[in-house]
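Okay, structure first, notes after.
What you are looking at is a predicted structure, and each value in this text was computed from that prediction instead of being measured. In what follows, residues are counted from 1 in the order of the sequence shown.
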Amino acid sequence: LLAEMVPTWPIALPLTGFESFLSSSTAFSTALSIPLLRSMGLEPAVPALTRLLADGDSVVRRRAVMVLGDMGDTAADAIPDLTKLLADEAGQVGDHAAEALGRMGEAAIPHLIKKIEDDNWRVRRRAVTAIGGMSPKGMSAAPDLIAAMHDRADTVRWSAAVALGRHGVDDRLAAPV
């Protein structure tokens with residue numbers, strides 16, 4: 001929005017201002033700045049947004065996750081931190097992290113495959129769901145999705161079947177016996 005109003009505005013100026021604005025102690029000002037960063041399309045904002053993933057306020061974490069997800073593979077540097085948030089239960093942060101990782105593409109697949117083996121069924125389901133959202137890029141993880149069809153949690157098995165279907169794999173071929 002501001003970039004459209006002031007097209008000659010140097011990128012260094014807003015980033016310097018946003019760094020201090022994003023690190024302010026109030027969740028309100030931080031949450032308000034995230035849509036502004038999104039509208040300006042500033043790739044250099046990825047490090048600042050990644051730092052917000054550790055914020056104590058779940059609203060701030062969720063909004064940062066959403067913006068990083070909107071950036072897709074441009075925000076690939078945030079993948080390790082987003083992957084950790086698959087275990088976040090506050091304010092649907094974990095579900096949004098899965099969605100964001102699904103938009104990151106192939107770079108996220110190795111991180112997600114590791115999470116399919118996590119002790120927490122929610123983390124496993126979210127990892128499988130993220131891979132399912134990557135079609136056709138997630139096809140390289142089809143063997144891992146097939147293995148997830150044998151998970152001890154029915155919700156993970158269901159998510160794996162849905163993910164395989166999105167990738168064009170007949171889930172009956174992988175159905176548990």
Side-chain angles (χ1 to χ4, degrees), residues 22 27 30-31 34-35 37-38 41 43 45-171 174-176:
L22 287 171
T30 305
I34 294 171
L37 285 171
R38 177 189 292 153
E43 293 174 24
V46 172
L49 289 166
T50 302
R51 284 191 297 278
L52 289 177
L53 298 177
D55 195 275
D57 186 327
S58 65
V59 172
V60 173
R61 290 194 310 277
R62 182 174 45 84
R63 289 183 185 219
V65 164
M66 293 168 70
V67 174
L68 289 165
D70 286 349
M71 295 174 122
D73 60 3
T74 302
D77 289 347
I79 289 173
D81 295 290
L82 284 167
T83 304
K84 291 175 189 171
L85 288 182
L86 291 174
D88 193 319
E89 295 301 323
Q92 299 178 330
V93 173
D95 290 331
H96 285 287
E99 186 177 329
L101 287 162
R103 295 179 181 176
M104 299 277 170
E106 294 180 41
I109 291 175
H111 299 271
L112 292 166
I113 288 173
K114 289 178 188 173
K115 292 298 183 178
I116 291 175
E117 300 297 322
D118 197 271
D119 290 336
N120 183 328
W121 68 268
R122 286 182 183 90
V123 171
R124 296 192 309 273
R125 178 186 50 82
R126 289 172 178 154
V128 166
T129 301
I131 294 169
M134 291 183 184
S135 38
K137 295 176 183 175
M139 237 357 245
S140 63
D144 301 285
L145 294 175
I146 290 170
M149 291 286 296
H150 302 278
D151 194 274
R152 60 191 174 273
D154 60 349
T155 186
V156 175
R157 293 191 305 270
W158 173 257
S159 296
V162 170
L164 286 166
R166 286 185 180 157
H167 292 298
V169 176
D170 189 342
D171 61 311

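Looking at Asp154, Asp151, Asp118, Asp119 one by one, the single match for salt bridge (Lys or Arg N to Asp or Glu O under 4.0 Å) with Arg124 turns out to be Asp151.
Residues Met71 and Leu49 are in side-chain contact: their nearest non-hydrogen atoms beyond the backbone lie under 4.5 Å apart. For the pair Leu85 and Leu53, the minimum side-chain heavy-atom distance is below 4.5 Å.
Between the CG atom of Leu68 and the OG1 atom of Thr74 there is a distance of 10.5 Å, given to the nearest 0.5 Å. Once rounded to the nearest 0.5 Å, the distance linking CE of Met104 with OG1 of Thr83 reads 9.0 Å. The structure places CE of Met134 at 12.0 Å from CZ of Arg166, a figure rounded to the nearest 0.5 Å. A distance of 11.0 Å separates CG in Asp81 from CG in Leu52, rounded to the nearest 0.5 Å. Between the CE atom of Met66 and the NE2 atom of His96 there is a distance of 5.0 Å, given to the nearest 0.5 Å. Rounded to the nearest 0.5 Å, atoms CG (Leu101) and CD1 (Ile79) are 6.5 Å apart.
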TODO: Show the numbers, then the answer: is there a side-chain contact (heavy atoms from CB on, under 4.5 Å) between Asp144 and Ile131?
DONE: CA-CA 10 Å; Asp144 301 285; Ile131 294 169; 5.6 Å; no
Donor-acceptor contacts, no H, no angles, side chain residues 107-117, under 3.5 Å, sequence neighbours left out:
none

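Heavy-atom minimum distance, Val156 versus Trp121: CG2-O, 3.5 Å. When every heavy atom of Ala97 is checked against every heavy atom of Leu82, the shortest pair comes out as CB-O, 3.7 Å. Minimum interatomic distance between Ala148 and Ala160 (heavy atoms only, all atoms of both residues): CB-CB, 3.8 Å. Considering every non-hydrogen atom in both Val93 and Ser58, the closest pair reads CG2-O, 3.6 Å. Across all their heavy atoms, Ala98 and Ala130 have their closest contact at O-CB, 3.2 Å. Taking both residues in full, the closest heavy atoms of Gly69 and Ala100 are given as CA-CB, 3.6 Å, listed atom of the first, atom of the second, then distance.
For the salt bridge (Lys or Arg N to Asp or Glu O under 4.0 Å) condition, the pairs that include at least one residue of residues 87-100, sequence neighbours left out, are Arg61-Asp88, Glu89-Arg122, Glu89-Arg126, Asp95-Arg125, Asp95-Arg126, Glu99-Arg103.
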